[in-house]
Amino acid sequence: MTPMPLIFAATCDIAGKMRGKAFPADQLEKRLKRGVGWVPTNVQITCFDGIGDSPFGSLGDLLLIPDPASEVNIAFGDAPPEHFMLGDIVTLEGEPWDFCTRQVLRDALARLHRLSGANLHSAFEHEFQLKGSGLPNQGFGRNAFENQRRMLETLMGALKEAGLSPDSIMKEYGPNQFEVVVAPADGAKSADQAVILRELTRSAALHLGEEATFAPILDPASVGNGVHIHLSFHDDDDVPLTYDENGPCGMSQLTDAFAAGVLKYMPHILALTAPSVVSYERLTPHRWSAAYNNLGFRDREASLRVCPVTAKDPASIAQQFNIEYRAADAAACPHLALAAVVHAGCQGIEDGLTAPEATQEDLSLLSADALAARGYARLPETLEAALDSFAASTTVTGWFPDQFADVYRAHKLAEIAHLADRDIDAKCAAYADTY
Ligand code: GLU
Ligand code: MG
């Protein structure tokens, strides 16, 4: 018997999970046209394999068409290569399906370009933890890094082979926590790369006898695993549009308006960028995550941060300059998280908003009124509250296809119900196993 090489065609869905079907590799040409069969109600499979209320029931057929631009074909040791491609979900007539997360992101990016002539460059910075305790007292430590060098070098090699541009990797502050940074990519590609990075991290770890998890938080007494999305704008000739040396915190007018939209709508998009029950344990003050919808200048307690640049001359500064959305985690589908942030930014551009002044103090010491006077608020403190805030804004739900908000909410309510009887440690453990 000769094993048959298979290619896995995949989508990253509302649950932030990569799901799909495999076909024999020698059928690739045919499958690039016809795809593999897919079912509408799959969109309601939660991260715990429950199924949320679905308007589709058992009805309907779709196609998942693999996109060779997202191909990954990586051999870890002598195991068979992991060969997969992300794809687009279309109707049998070939029209984009409303719940195809890649299409939702492309629509948001098209809106940005229509409004401003800008193309987005973005990079997803990921934190993850290895299960088990690891070495103690190793915040940014070399010993813990060396202990995992084989895994970290395997991961960085795999990312490069998959077409990402690895930037750096470190032992993060938390217990057995690591962070991996890659260079920005254009448009929707960076979200594909975020999915690929999560998959290859888990695979690299597994092949070396470890288990990696991107769950938003493992222990409420410790730090969380964030996903920080770095954003910059470029015109069609690749001229950077993010920076203006005379703008507030160096932001161009475009960046300022975009940032203002993201800050204003953050309470309403949080259910998409921090979409798990335990995400809200992470989004609390003094954890260097994001507890308020505040702009920070080089401040890691801000949900939207103007990042430092190392360049000295104005042209290089303009190339490097970026803002960072910190209220995201890896329970979110990267395509949906980025789409939500881009739409919020677009709304800021469309409405001609300007961002409130950057904060430099401990916002947890201010009363709600004092916060409001500065244009800021505490972000929703539970997934339920975040979902209510999403559903309550017709502006925000209007950015998405007609049924999207209702389906999304039903999906997340099923996830919440699944965990209802568990205490917080058991909730964290459930997410540690699924992400
Ligand atoms: N672990 C923090 C988070 O949950 C981020 C720490 C950092 O600034 O890198 O977002
Ligand atoms: Mg970090």
Side-chain angles (χ1 to χ4, degrees), residues 16 122-130 134 138-142 144-145 148 152 155-156 166-184 194 197-198 201 212-231 262 266 269-270 272-309 322-332 334 337-338 341 358-360 362-364 378-381 383 386 424 427-428 431-432 435:
S122 64
F124 287 71
E125 198 176 277
H126 282 87
E127 293 170 337
F128 66 93
Q129 278 167 291
L130 296 177
Q138 282 292 310
F140 304 96
R142 196 184 76 85
F145 182 90
Q148 293 299 339
L152 300 170
L155 170 58
M156 293 295 258
D167 175 279
S168 49
I169 193 155
M170 71 197 80
K171 168 70 191 61
E172 245 284 5
Y173 168 71
N176 230 352
Q177 187 182 40
F178 295 83
E179 173 173 320
V180 54
V181 182
V182 297
L197 182 145
R198 295 173 192 177
T201 304
T213 177
F214 287 86
I217 194 162
L218 300 189
D219 172 5
S222 185
V223 292
N225 294 308
V227 171
H228 302 159
I229 312 174
H230 292 260
L231 307 154
V262 173
M266 196 180 297
I269 63 170
L270 207 59
L272 295 163
T273 65
S276 79
V277 172
V278 298
S279 297
Y280 296 83
E281 301 293 325
R282 170 180 166 253
L283 299 179
T284 51
H286 308 142
R287 234 183 259 274
W288 288 29
S289 61
Y292 304 89
N293 61 339
N294 64 315
L295 180 71
F297 184 60
R298 304 177 185 173
D299 177 0
R300 288 183 167 77
E301 277 270 318
S303 50
L304 192 67
R305 181 172 84 114
V306 178
C307 296
V309 287
N322 67 88
I323 55 173
E324 178 191 41
Y325 182 90
R326 295 172 65 85
D329 62 52
L338 190 56
V341 171
T359 55
Q360 283 187 312
D362 182 352
L363 298 187
S364 71
R378 178 73 173 91
L379 290 171
E381 294 182 50
L383 179 56
I424 187 62
K427 286 176 181 168
C428 288
Y431 281 106
Y435 292 115

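In what follows, every heavy atom counts, from backbone to side chain, and hydrogens, waters and symmetry copies are set aside. One-based numbering, in listed order, for ligands and for the atoms of each. What you see is a predicted model, and the numbers here were worked out from it, not measured in a lab.
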### Message
Run the side-chain contact (heavy atoms from CB on, under 4.5 Å) test on Glu172 and Val223 for me, step by step, so that the C-alpha distance in whole Å, both residues' side-chain angles and the decisive distance to 0.1 Å come before the verdict.
### Response
CA-CA 10 Å; Glu172 245 284 5; Val223 292; over 6 Å; no

### Task
Please work out which of the three classes, parallel, tilted or perpendicular, describes the rings of Phe128 and Phe214, given edges at 30° and 60°.
tilted

### Query
Rounded to the nearest 0.5 Å, how far apart are CE of Met266 and OG1 of Thr273?
7.5 Å

#### Entry: Distance-only polar pair, side chains of Thr201 and His126, donor-acceptor under 3.5 Å
no

### Query
Taking atom types as modelled and ignoring hydrogens, do the side chains of Gln177 and Asn225 form a donor-acceptor contact shorter than 3.5 angstrom?
yes

### Task
Apply side-chain contact (heavy atoms from CB on, under 4.5 Å) to the pair Leu218 and Val278, showing each step before the final yes or no.
CA-CA 9 Å; Leu218 300 189; Val278 298; over 6 Å; no

### Metal site the Mg ion (ligand 2), protein N/O/S atoms found under 2.8 Å
3

### Query
Got a sec, which residues hit side chain to side chain contact (heavy atoms under 4.5 Å, CB included) with Arg298, two or more places apart in sequence or on another chain?
Pro308

#### Entry: Arg378: partners by side chain to side chain contact (heavy atoms under 4.5 Å, CB included), with sequence neighbours left out
Thr284, Pro285, Ala291, Tyr292, Glu381

Give one line per pair: atom of ligand 1, protein atom, distance. Only N/O to N/O under 3.5 Å.
from, atom 1, to, atom 2, distance (Å)
ligand 1, 1 (N), Glu127, OE1, 2.7
ligand 1, 1 (N), Glu127, OE2, 3.4
ligand 1, 1 (N), Gly224, O, 3.0
ligand 1, 4 (O), Arg282, NE, 2.7
ligand 1, 8 (O), Arg326, NH2, 2.9
ligand 1, 9 (O), Glu127, OE2, 3.1
ligand 1, 9 (O), Glu172, OE2, 3.0
ligand 1, 10 (O), His228, NE2, 2.8
ligand 1, 10 (O), Arg282, NE, 3.4
ligand 1, 10 (O), Arg282, NH2, 2.7

### Message
A side-chain contact here means heavy atoms from C-beta on lying under 4.5 Å apart; do Phe178 and Lys171 qualify?
### Response
yes

